[in-house]
> 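Next up is a structure, given as structure tokens.
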2 protein chains.
Amino acid sequence: MNRNEIRDALSPNCPVRNVLSRVGDKWSMLVLFTLEANRSQRFKELQRNIPDISQKMLTATLKMPGGDGLVRRVAFSEIPPRVEYSLTEKGQSPLPLIDNLLSWASENMADIIESRKRYLLK
Amino acid sequence: MNRNEIRDALSPNCPVRNVLSRVGDKWSMLVLFTLEANRSQRFKELQRNIPDISQKMLTATLKMPGGDGLVRRVAFSEIPPRVEYSLTEKGQSPLPLIDNLLSWASENMADIIESRKRYLLK
DNA sequence: CGGAATCCGACAGGATACTG
DNA sequence: CAGTATCCTGTCGGATTCCG
């Protein structure tokens with residue numbers, strides 16, 4: 001029984017893994033955080049708001065696993081094309097969570113970031 | 001100005017990135033969650049509690065960036081060696097956060113997990 | 001404009017073997 | 001027992017090009 005089988009056996013019931021599998025990647029949190037509920041944003045707009053995301057990753061993150069209902073996508077049949085994204089009601093549910101994360105970070109991350117810098121500088 | 005320079009320029013002030021850089025990897029959350037404050041656990045014990053973590057990754061995660069003060073390590077000079085790990089006070093601070101994450105997950109993750117499965121099955 | 005498709009490098013992390 | 005040290009692979013994601 002190798003490590004992958006073990007993980008497959010455990011994973012379906014492990015919420016930590018499940019959460020991370022959805023929002024633990026490089027961009028999801030940032031995109032959810034940048035999206036707003038009552039104001040939809042166009043693709044380009046989002047890209048401007050997250051300046052260092054590539055087009056590929058933005059598309060991928062917005063589609064994530066084929067639409068799990070966190071993000072609403074509205075396409076207009078115009079030329080040039082226009083697509084607007086916004087948060088669904090469910091999509092808003094993780095936001096307080098992210099806020100918690102951030103306020104925790106502001107209290108506790110300072111020296112963590114320092115040690116991280118030293119670490120990254122080898 | 002390529003994407004990395006942009007990120008380097010933004011990153012130091014972006015808490016989302018900073019948080020993820022510390023706990024967004026594959027094992028950190030799980031290890032923090034498995035550690036307990038008032039009961040120290042031995043290396044092997046932790047490994048048993050996270051059955052599918054490799055020894056390499058457990059060591060790496062426990063050391064993370066050279067010790068940012070979340071985890072306490074106590075080594076006993078015995079033969080055979082014994083090393084005990086526990087959470088510091090600071091290490092406990094993210095725990096409520098993880099709890100939030102989990103309770104959010106239990107309410108919202110069900111169909112996310114479903115769509116994720118469909119996604120992973122291509 | 002909003003993508004999809006392709007190519008490719010870096011690096012996280014697994015398997016294995018060895019050590020004090 | 002609690003690690004190091006290597007080696008090696010898969011995957012994430014960046015750059016680039018093409019399309020309706």
> On the nucleotide D:dG3, are OP1 or OP2 found under 4.0 Å from the side-chain N or O atoms that B:Tyr85 carries?
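Checking B:Tyr85 against D:dG3: at least one side-chain N or O falls below 4.0 Å of OP1 or OP2.
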> Of all the heavy-atom pairs spanning B:Met29 and B:Val23, show the shortest one and how long it is.
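In terms of heavy atoms, the two residues are closest at CG-O, 3.4 Å.
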> Using whole Å, report how far CZ of B:Arg73 lies from P of D:dA2.
10 Å
> Round to a whole Å and report the spacing from CD of A:Glu45 to P of C:dG3.
14 Å
> Among residues at least two apart in sequence or on other chains, which ones pass side-chain contact (heavy atoms from CB on, under 4.5 Å) with A:Arg17?
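Once residues adjacent in sequence are excluded, the partners of A:Arg17 under the side-chain contact (heavy atoms from CB on, under 4.5 Å) criterion are A:Arg7, A:Ser11, A:Cys14, B:Trp27, B:Leu30, B:Asp52.
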> Can you tell me if B:Arg82 touches the phosphate of D:dG3, counting only side-chain N or O atoms and a distance under 4.0 Å to OP1 or OP2?
no
> Take the protein atom CD1 of A:Ile50 and the nucleotide atom C1' of D:dG13, then report the distance between them rounded to whole Å.
15 Å
> Could you state the atom-to-atom distance from CE of A:Met57 to P of C:dT6 in whole Å?
15 Å
> Heavy atoms under 4.0 Å, any strand shown: does B:Lys26 hit a base, just sugar-phosphate, or nothing?
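Counting heavy atoms under 4.0 Å across all strands, the contact made by B:Lys26 is with sugar-phosphate only.
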> Which part of the nucleic acid does B:Phe76 contact within heavy-atom distance under 4.0 Å: base, sugar-phosphate only, or nothing?
nothing
> Kindly say whether, by distance alone, the side chain of A:Gln55 makes a donor-acceptor pair under 3.5 Å with the base of D:dT17?
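Side chain to base: no pair present.
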> Rounded to the nearest Å, what distance is computed from the CD atom of residue A:Gln41 to the P atom of nucleotide C:dG2?
12 Å
> So, taking the atom named CZ in B:Phe33 and the one named CG in B:Asp99, what distance separates them when rounded to the nearest 0.5 Å?
5.5 Å
> Any side-chain donor-acceptor pair under 3.5 Å between B:Thr88 and B:Arg72?
no
> Can you tell me the distance, in whole Å, between the CG atom of B:Leu58 and the P atom of D:dG3?
8 Å
> Using the side-chain heavy atoms of B:Pro80, tell me which of these nucleotides is nearest: D:dA2, D:dC1, D:dG20.
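The answer is D:dC1, which lies nearest to the side chain.
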> How is A:Glu78 classified with respect to the nucleic acid when contacts are heavy atoms under 4.0 Å: base, sugar-phosphate, or nothing?
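Touches nothing.
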> Surrounding CD of B:Glu89 (heavy atoms of other residues, nucleotides or ligands, distance under 6.0 Å), is the total greater than 12?
no
> Could you give the CD1-to-P distance, from A:Ile79 to D:dG20, as a whole number of Å?
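Result: 12 Å.
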> Could you walk me through whether A:Glu45 and A:Tyr85 pass the side chain to side chain contact (heavy atoms under 4.5 Å, CB included) check?
CA-CA 10 Å; A:Glu45 214 172 342; A:Tyr85 294 92; over 6 Å; no
> Between B:Lys56 and B:Arg48, just flag the one whose closest nucleotide in DNA chain D comes earlier from the 5' side.
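Going by which nucleotide is closer to the 5' end, it is B:Arg48.
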> What is the distance from atom CG of A:Asp25 to atom OG1 of A:Thr61, rounded to the nearest 0.5 Å?
5.5 Å
> Bend angle of the helix from C:dC1-D:dG20 to C:dG20-D:dC1 from five-pair axes at both ends, rounded to 10°?
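Result, rounded to 10 degrees: 40°.
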> Dump the intermediate steps for side chain to side chain contact (heavy atoms under 4.5 Å, CB included) on B:Arg22 and B:Leu70, then the final yes or no.
CA-CA 11 Å; B:Arg22 178 60 181 84; B:Leu70 298 185; 3.5 Å; yes
> Measuring to OP1 and OP2 of D:dT4, would you say a side-chain N or O of B:Lys63 lies under 4.0 angstrom away?
yes
> Does D:dC1 have OP1 or OP2 sitting under 4.0 Å from an N or O in the side chain of B:Arg42?
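No, B:Arg42 has no side-chain N/O under 4.0 Å of OP1/OP2 on D:dC1.
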> Roughly how many Å is it from CD1 in B:Ile53 to C1' in C:dG14, rounded to a whole number?
12 Å
